[in-house]
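One structure below.
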Amino acid sequence: MSTTPQDTLHSDKDTESLLGATVRLAGDSGDGMQLVGSQLTNASALAGNDVATFPDFPAEIRAPRGTRAGVSGFQLQFSSEDIFTPGDELDALVVMNPAALVTNIGDLRDRGVLIANEDSFAGKDLKLANLDQNPLESDDLKKYNLIKVPITSLTRTAVSEVKNADGNTLGTKEADRCKNFFALGIICWLYGRNLEPTIRFLNDKFGKKRPDVAEANTLALKAGWNYGETAELFERNYQVQPAHLTPGTYTNVMGNQALAWGLVTAANLSNKELFYGSYPITPASPVLEELSNFKNYGVKTFQAEDEIAAICSAIGAAFGGSMALTGSSGPGIALKGEAMGLAMILELPMLILNVQRGGPSTGLPTKTEQSDLLQVMFGRNGESPLPVIAARSPSDCFDVAQEAWRISSRFMIPVIILSDGYIANGAEPWKIPDVAELEKISISHPGPIEEGETFLPYSRNEDLARPWALPGTETLMHRLGGLEKEDLTGNVSYDPDNHQYMTNIRQEKVDRIAHVVDPVEVSGPASGDLLVLSWGGTYGACITACRRAREDGMSVAHAHLRWLAPFPANLEEVLKQYKKVLIPELNMGQLSLLIRAKFLIDVAQLNKVKGKPFKVSEILKRIRDEIELLK
Amino acid sequence: MSTTPQDTLHSDKDTESLLGATVRLAGDSGDGMQLVGSQLTNASALAGNDVATFPDFPAEIRAPRGTRAGVSGFQLQFSSEDIFTPGDELDALVVMNPAALVTNIGDLRDRGVLIANEDSFAGKDLKLANLDQNPLESDDLKKYNLIKVPITSLTRTAVSEVKNADGNTLGTKEADRCKNFFALGIICWLYGRNLEPTIRFLNDKFGKKRPDVAEANTLALKAGWNYGETAELFERNYQVQPAHLTPGTYTNVMGNQALAWGLVTAANLSNKELFYGSYPITPASPVLEELSNFKNYGVKTFQAEDEIAAICSAIGAAFGGSMALTGSSGPGIALKGEAMGLAMILELPMLILNVQRGGPSTGLPTKTEQSDLLQVMFGRNGESPLPVIAARSPSDCFDVAQEAWRISSRFMIPVIILSDGYIANGAEPWKIPDVAELEKISISHPGPIEEGETFLPYSRNEDLARPWALPGTETLMHRLGGLEKEDLTGNVSYDPDNHQYMTNIRQEKVDRIAHVVDPVEVSGPASGDLLVLSWGGTYGACITACRRAREDGMSVAHAHLRWLAPFPANLEEVLKQYKKVLIPELNMGQLSLLIRAKFLIDVAQLNKVKGKPFKVSEILKRIRDEIELLK
Amino acid sequence: MSTDLPVLTAADFGSDQDIRWCPGCGDYSILAQMKKMLPNLGVPREKIVFISGIGCSSRFPYYMNTYGMHSIHGRAPAFATGLKLARPDLQVWVITGDGDALSIGGNHLMHVIRRNVNLNIVLFNNRIYGLTKGQYSPTSPPGKRTKSTPYGSIDNPLNPLSLAVGCEATFVARSIDTYIKHLGATLERAAEHQGTSFVEVYQNCNVFNDGAWSYATDRNIKADHLLELEHGKPMIFGKNRDKGIRLNGMEPEVVELGKGVQEDDLLFHDEKATEPTLAYLLSRMRVDDGFPEPIGVLRSVEHPTYDGGVVAQMDEVTAQKGKGDLNALFRMGDTWEVEAETT
Amino acid sequence: MSTDLPVLTAADFGSDQDIRWCPGCGDYSILAQMKKMLPNLGVPREKIVFISGIGCSSRFPYYMNTYGMHSIHGRAPAFATGLKLARPDLQVWVITGDGDALSIGGNHLMHVIRRNVNLNIVLFNNRIYGLTKGQYSPTSPPGKRTKSTPYGSIDNPLNPLSLAVGCEATFVARSIDTYIKHLGATLERAAEHQGTSFVEVYQNCNVFNDGAWSYATDRNIKADHLLELEHGKPMIFGKNRDKGIRLNGMEPEVVELGKGVQEDDLLFHDEKATEPTLAYLLSRMRVDDGFPEPIGVLRSVEHPTYDGGVVAQMDEVTAQKGKGDLNALFRMGDTWEVEAETT
Ligand SMILES: Cc1ncc(C[n+]2csc(CCOP(=O)(O)OP(=O)(O)O)c2C)c(N)n1
Ligand SMILES: Cc1ncc(C[n+]2csc(CCOP(=O)(O)OP(=O)(O)O)c2C)c(N)n1
Ligand code: SF4
Ligand code: SF4
Ligand SMILES: [Mg+2]
Ligand SMILES: [Mg+2]
């Protein structure tokens with residue numbers, strides 16, 4: 001269903017125009033912050049703003065109620081300009097309990113709006129948050145625009161009339177579950193967000209089975225809005241104009257969803273069935289879950305017994321002619337190393353997805369990190385080079401999936417796709433393409449040969465790709481395997497020169513990809529003081545920081561790597577145009593290592609391993625320092 | 001039993017003195033070439049020579065008889081000087097059949113001795129080797145000193161009188177099984193090797209159960225010797241003086257054996273039980289097999305269900321306080337990546353052994369390669385640095401095992417040991433140490449604490465090592481795990497700054513090891529034109545090539561890396577002293593990548609991926625080219 | 001140090017860590033029964049180690065004031081085997097889930113059981129992946145709609161007890177999170193058994209699979225759905241204890257007592273049967289097929305343990321060959337002397 | 001292309017690759033019987049795929065003129081599952097060894113069996129690791145001295161058939177490398193079964209474990225050690241077919257026929273028994289315990305296949321929802337229009 005931005009409720013207070021704002025909703029993980037966060041995102045996108053989100057929740061399914069460990073947050077930036085990150089400092093923060101206040105207040109800017117559910121700043125809640133005193137009374141909050149709202153009691157009142165199917169009113173527990181929508185209502189009022197999409201969502205979701213729940217939440221939402229409008233607490237509200245996005249139809253996508261959609265699209269464009277062999281793991285599971293809905297799109301999902309079986313099943317499916325894919329996160333990818341080596345030597349096309357999370361070992365499963373780059377480059381025995389592509393944002397996952405399959409099927413080589421927890425769970429507007437207009441992916445399989453001819457499964461075309469002969473094809477019977485294979489025939493060979501030759505060819509295949517993928521593009525001056533080089537999910541923070549730096553008069557360009565292996569053909573040339581190269585990474589310097597080794601350039605590193613994405617300001621500060629040093 | 005070199009048979013022909021010689025015995029894999037090869041090694045070592053060997057056999061258990069794929073070879077260099085490789089070109093080659101001739105002749109130097117079993121150069125044997133004509137008749141062999149010997153028939157005659165327990169003479173099949181000892185007899189005559197150790201071996205091995213077999217082989221051996229002495233085919237024989245080895249008692253060791261012995265010794269020196277969890281794989285299995293003999297040395301071996309269980313069992317044993325170890329080759333190491341990450345974050349001491357083989361995937365299981373360096377450096381999710389040490393020769397494995405455990409237990413960190421197929425199966429003389437004089441490895445475990453004290457499992461000493469508290473110790477109960485852990489307490493922590501801190505500390509621990517291990521030593525000029533930098537099993541070829549280069553007047557030094565992670569503290573300083581650095585590796589440039597990334601030095605690479613070790617001449621040639629370029 | 005052991009209570013076995021399971025999760029009850037049971041064994045806390053994989057259930061070790069290891073997914077039996085071999089003096093527990101033990105960890109489970117390593121495995125079976133938020137597991141029933149099977153699972157589920165019996169298990173038992181006395185007693189039996197004890201516990205995941213076991217826990221119906229096994233006793237069940245299991249050839253059948261059927265006609269439980277066929281047959285009985293599901297000890301037989309064998313073999317070889325002497329070992333093969341040169 | 005299928009012979013199924021097994025290895029015979037049997041099925045060669053792991057046995061696919069994959073150690077069932085799901089039209093065989101299938105590959109074996117994927121597994125059991133030159137395997141008998149157990153194995157071996165039955169197998173059979181007719185017939189039965197067929201073949205490794213099965217292959221004694229199963233027939237064995245298996249409660253016993261024991265007193269084989277308990281009981285019979293070892297088909301029952309279920313579910317969902325339309329999918333949630341700017 002398509003809607004255009006329209007107001008249903010009009011505020012009579014003063015309205016100030018803003019370029020954009022960054023808002024965070026924080027509460028207990030049982031408080032439903034993620035849910036209202038995504039509703040707010042949706043409403044903002046529908047208002048024509050550019051948006052970017054950052055959900056941040058505890059590792060536990062239900063972390064202990066009310067504790068600091070149990071706090072769940074959802075951050076959103078919306079803007080009338082195009083933006084690339086969910087924002088650094090918060091313009092507004094909603095806290096549903098004391099634990100949420102103390103763990104989030106540090107990110108609120110001075111004079112920022114702080115909305116606190118004052119009903120929960122007492123006794124037990126303070127204790128659960130390990131607090132002796134009520135922080136709302138503390139002088140520390142003076143620098144913020146603190147607005148105390150008895151959200152719990154107001155919500156109870158708002159829903160007090162709602163009756164369930166049995167004609168009873170809601171219990172306190174159920175009534176309290178609507179608190180989050182009350183809070184959302186306030187924020188919607190504050191930033192002039194339309195309530196209608198949220199109301200529609202509530203009706204779609206609960207309307208049939210639990211009309212009482214739909215009604216209660218809607219009432220809470222509206223009560224929140226009205227509270228903002230009526231209470232004397234707010235002086236004004238704000239308005240954010242639509243962003244200047246390319247014309248078209250938009251929807252909001254999350255990274256894992258866009259990835260799943262991109263994969264189905266790639267399968268469709270190449271006329272293939274999609275096979276996904278996977279084993280659940282945070283934050284990659286949603287890809288499996290999303291794809292398992294698509295049974296009527298020719299998608300087969302296989303929840304294997306473990307990650308090894310998952311990749312092996314995908315290799316089997318690739319042998320059979322499917323567009324095959326396996327996916328996991330770091331610990332699962334570690335298990336796939338041996339089979340990845342086999343896939344490489346078999347020279348079958350397939351995709352291997354790694355949605356990275358905080359490591360090492362089990363690490364920080366729900367947090368983001370970019371620390372698997374070297375693992376995917378080198379985590380296999382022997383010389384087994386594979387191409388690696390990384391998505392840079394939620395919507396980019398859609399394109400990356402297709403590009404990866406395009407290369408994989410053309411070169412007959414498994415391709416590794418990197419994403420990360422930040423991209424996977426983040427959301428942004430996406431201009432919906434017309435599938436009919438997307439470039440087809442043409443794949444051919446050899447047909448039967450004449451008597452007297454010999455089929456050579458390891459002969460190669462101009463891309464060094466071998467033929468993808470499918471079981472079931474008469475006369476092409478052949479055997480693949482993990483022992484070194486003779487050139488052309490693919491028979492087992494222990495010949496020394498053949499081994500060297502095949503090793504070279506396999507590397508050469510990866511190298512040649514550099515010439516068919518897009519060259520790296522630079523935004524900013526084509527030469528100058530500093531080049532910020534990024535990859536993966538840090539794209540947004542880097543491009544934004546570079547823009548700001550240029551606005552401040554610095555000579556700073558930004559380049560972003562889509563392919564990590566091979567590097568695009570023009571990369572060296574680009575790097576040479578700047579006095580200094582800065583590589584910000586959410587790891588200890590993995591791309592830096594590769595760049596240093598390849599180009600012998602003394603890059604500056606900005607490394608962060610905290611389970612959190614970069615703030616724009618962190619990068620900007622480092623840019624300033626580097627520019628200063630160059631003077 | 002100890003013997004000093006002495007002759008039992010004296011030749012009356014002219015004897016020429018040689019510095020040394022390189023000999024290869026080649027035949028069908030059923031011909032027992034490995035057996036007589038190791039007897040020749042033994043005899044040469046007992047003659048006081050320095051020796052180095054290179055067995056090279058097919059992947060199949062019993063490759064098809066008589067075919068090229070079925071050829072098995074054993075190469076040996078012995079010398080009165082100290083040598084480091086089994087030699088490049090052959091001075092003498094024995095071939096038992098046509099397949100062995102055609103696959104080995106390329107390595108024989110001009111005028112080299114070629115002894116062929118002429119009985120097998122006919123009909124079926126030629127066909128099995130895919131030959132139309134008898135190669136012995138080819139002009140191509142003119143440049144060699146070809147000596148045709150009807151080994152089969154002479155052997156049959158030699159053993160014709162031997163009777164078995166039932167009083168029957170040996171059947172042809174059994175008689176023919178003695179051919180290899182006849183051939184050995186000729187070679188022993190040719191190089192003045194004593195027959196006595198071999199005869200003793202035969203008696204020890206067969207004397208009791210099959211005295212007829214012992215007798216027949218002994219007769220064949222002697223007949224071979226006599227044949228050399230009597231037949232008019234050889235003009236002279238040779239003599240190689242004892243080498244000037246450090247005084248002491250010597251024995252011959254193979255790499256895997258020396259490794260096993262080194263491990264048991266390390267356990268002994270640290271007063272620990274040794275626990276080895278492993279799963280069979282070529283070429284690492286002999287370590288498991290060797291260690292499983294040592295039940296009376298406090299060694300527990302556990303053949304696990306797979307490589308993952310193997311490493312996990314070792315981690316369990318390490319937690320329990322054993323000196324724990326797991327070992328495999330490339331494909332098995334790939335499977336251990338996830339658990340290696342856990343071991344790292346647990347900060348338990350243990351060893352992880354990788355006896356490398358040809359890759360990728362199943363690759364060339366019986367061939368050698370150095371292509372797992374990057375895998376062991378990076379084949380794990382997240383930031384999980386581990387120290388890596390590599391053995392350089394068979395006997396060096398003994399020392400490496402101890403050094404690895406010394407560092408591991410001191411720093412509370414898993415250490416990776418690299419060996420390779422070439423080292424594992426090669427043999428060389430080893431000066432037996434007196435165990436009582438080896439430096440003890442002191443390890444302490446915290447004892448119970450007083451009431452009121454808190455035990456902090458992640459507190460650290462001056463080496464950043466945490467306490468190795470053992471289950472069973474009162475009051476120290478604690479829980480380890482793979483989630484990020486809080487500094488000091490080791491409790492689960494998702495705190496951003498703590499994660500950064502712990503990540504840094506784990507890297508720092510590895511880095512600090514650089515200051516306690518030996519600095520890299522240079523042989524040759526302390527500064528000059530070219531430094532050859534090697535690691536692992538290419539040590540011998542590199543040091544020999546550098547010596548020769550210096551003999552030829554070139555300014556070439558050699559440095560060998562024992563620790564690959566961290567690099568020794570003085571490495572950068574050393575590298576800077578030369579105009580150029582050359583890194584020869586049996587891979588596509590893995591150390592080169594690390595050196596380039598770390599030091600931004602444009603190293604020259606000499607890469608070989610053929611399943612075979614370097615020849616000295618290959619390295620020497622490249623040294624010459626590099627020196628030429630520098631002019 | 002101290003000579004007479006202090007008397008411990010359940011509370012002594014609790015660690016200082018906040019428990020992070022969802023309110024209402026069945027895991028709480030299992031934890032409580034474990035803490036309550038352990039003091040009965042008289043084993044000091046420092047001699048006990050809990051090892052788990054990954055999953056909600058696998059957080060268990062954090063909550064026990066013993067030694068512990070929260071390892072990696074599916075591999076707990078392998079860590080435990082290594083530890084037990086290194087330290088036969090310790091009492092080792094493996095805590096695992098249906099995904100952890102039966103999906104990714106199936107191989108290790110199979111091998112620890114067949115080796116009969118002397119340790120205790122408790123499998124928290126909630127028929128779902130809890131920690132990863134609700135995908136189906138190898139014990140989820142056919143047709144089950146979960147996050148990864150939105151149209152219903154088409155997998156044929158595994159039966160953990162059949163699997164264990166198929167892997168040569170020497171001790172196999174089943175209990176239920178909320179049947180607390182039975183659970184405690186079953187855990188105690190497991191601890192006492194020499195060899196691998198395998199205990200399946202029906203555990204409710206109230207967030208992602210609430211009510212999966214309601215047929216076995218709902219007050220009103222459970223008596224008809226459970227068969228409480230007692231060694232040497234006839235198999236009787238039902239609210240009024242009026243139903244029984246009789247053997248018909250090789251197949252069990254449910255019969256009503258009284259109407260011509262005597263207790264003596266019923267199948268008598270023999271947990272010590274040398275042949276595991278009875279245990280296998282019991283493991284097959286499922287409510288869906290009209291049978292009550294047996295709880296209690298299905299099988300408990302004596303068999304040499306793997307860790308015992310390892311130690312015995314080391315002792316034997318040492319007795320035979322003497323304690324190893326490295327200096328002798330190194331001189332085992334041919335050796336030769338190089339003299340100091342006199343020139 | 002061609003309309004009537006050419007009649008194929010055993011030779012047509014041989015590839016051009018040199019066979020690299022040791023002379024005398026039991027693998028040759030299994031290869032020969034496979035080649036001989038396949039033409040009976042009438043399946044064209046290009047529709048057949050052999051997938052193996054690593055081991056001597058796993059070289060098998062190289063020698064078949066069909067499609068094939070020599071994969072990695074222990075994982076063949078997983079490759080085969082993926083292939084069969086992608087291509088239900090193919091006939092897929094898994095060739096594996098006792099180490100490959102039961103040691104490193106145990107988990108995949110377990111899961112392919114319980115899922116009942118429609119493919120055929122042939123396990124070459126030589127009770128040793130052949131390719132790696134003679135270490136013990138999970139089927140090596142206790143006390144076995146091998147390269148890695150110089151003082152004798154202390155492992156409790158796995159019973160492949162018990163394991164399979166414990167994992168919900170729908171087809172379980174056993175044969176012997178040298179009993180060639182029986183082997184051929186058993187393979188043919190396996191091929192015909194819809195679902196996972198699991199066949200254990202006793203295979204002699206004459207280099208590292210010669211004679212491991214001599215009790216079952218030696219002309220003189222084998223008749224007393226083997227029980228050839230036939231559906232619906234009484235269990236009779238012995239050189240003179242004068243011995244039988246009788247059920248005593250839940251336990252089998254060997255009885256002599258004639259002396260008051262009639263054929264009708266014996267246990268009758270029922271491979272189609274819904275309950276797998278009989279198959280389990282049969283799998284337990286071992287020569288070491290005084291029983292003949294059953295060969296032939298222990299169990300063969302109908303059950304929906306996993307691959308069938310996958311396809312059926314896709315069809316069902318498609319029938320219900322229509323063929324997926326990407327353009328519609330992308331517009332499923334809220335969408336909004338951005339107009340071209342008019343300024
Ligand atoms: C190698 C690896 N793969 C996947 C995961 C993700 N993961 C963690 S627990 C789990 C399954 C949990 O299910 P179960 O064992 O039944 O435990 P429960 O949470 O239900 O107690 C999965 C898939 C992981 N941590 N590591
Ligand atoms: C990951 C991995 N681990 C170990 C090996 C070594 N390996 C190859 S085959 C094999 C066992 C073979 O035994 P089995 O499956 O019984 O086959 P057989 O040779 O006896 O036919 C082993 C351990 C390997 N190739 N890959
Ligand atoms: S998700 Fe389920 S199993 Fe996990 S803690 Fe919550 S209720 Fe328990
Ligand atoms: S080693 Fe054994 S199993 Fe392998 S080919 Fe030789 S005889 Fe056959
Ligand atoms: Mg579960
Ligand atoms: Mg085997």
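Order of the sequence lines sets the chain letters (A, B, ...), proteins ahead of strands, with each chain counted from 1.
- For chain D, the nearby parts of C:Val165 are the backbone and the side chain; heavy atoms of each come within less than 4.5 Å.
- For chain D, the nearby part of C:Pro157 is the backbone; its heavy atoms alone come within less than 4.5 Å.
- With contacts defined as side-chain heavy-atom distances shorter than 4.5 Å, the pair C:Tyr129/C:Ser103 qualifies.
- Between D:Tyr280 and C:Tyr280, the ring-plane angle classifies as parallel under the 30° and 60° cut-offs.
- Interface summary for chain D: among C:Gly152, C:Ala273, C:Gly105, C:Pro276, the most heavy-atom pairs under 4.5 angstrom belong to C:Pro276.
- Using a 4.5 Å cut-off between heavy atoms, C:Leu247 touches chain D through its side chain atoms alone.
- The residues D:Arg246 and D:Asp265 are annotated as not salt-bridged, no charged nitrogen and carboxylate oxygen being separated by less than 4.0 angstrom.
- If you tally non-hydrogen atom pairs under 4.5 Å between each of C:Asp270, C:Val317, C:Asn116 and chain D, the highest count goes to C:Val317.
- Contacts of D:His303 with chain C are made by side-chain atoms alone, with heavy-atom separations under 4.5 Å and no backbone atom involved.
- The main-chain N or O of C:Phe291 is never found under 3.5 Å from a side-chain atom of C:Asp289 such that the two would form a donor-acceptor pair.
- Looking at C:Glu275, both its backbone and its side chain come within 4.5 Å of chain D, counting heavy atoms on both sides.
- Comment: D:Arg284 engages C:Glu168 in a salt bridge, judged by a side-chain N to carboxylate O separation of less than 4.0 angstrom.
- Contact of C:Ile113 with chain D is not made at all, since no heavy-atom distance falls under 4.5 Å.
- Atoms CZ and CG, on D:Arg174 and D:Leu123 in that order, are 11.0 Å from each other to the nearest 0.5 Å.
- C:Ala173 approaches C:Val297 most closely through the heavy-atom pair CB-CA, 3.9 Å.
- The 12-atom threshold is exceeded at NZ of D:Lys272, counting heavy atoms of other residues, nucleotides or ligands nearer than 6.0 Å.
- Contact annotation for D:Pro138: both backbone and side-chain heavy atoms come within less than 4.5 Å of a heavy atom of chain C.
- Taking C:Leu161, C:Leu163, C:Asn159, C:Leu278 one by one and counting their heavy-atom pairs under 4.5 Å with chain D, the maximum is reached by C:Leu163.
- If you tally non-hydrogen atom pairs under 4.5 Å between each of D:Thr274, D:Leu267, D:Leu158, D:Ile104 and chain C, the highest count goes to D:Leu158.
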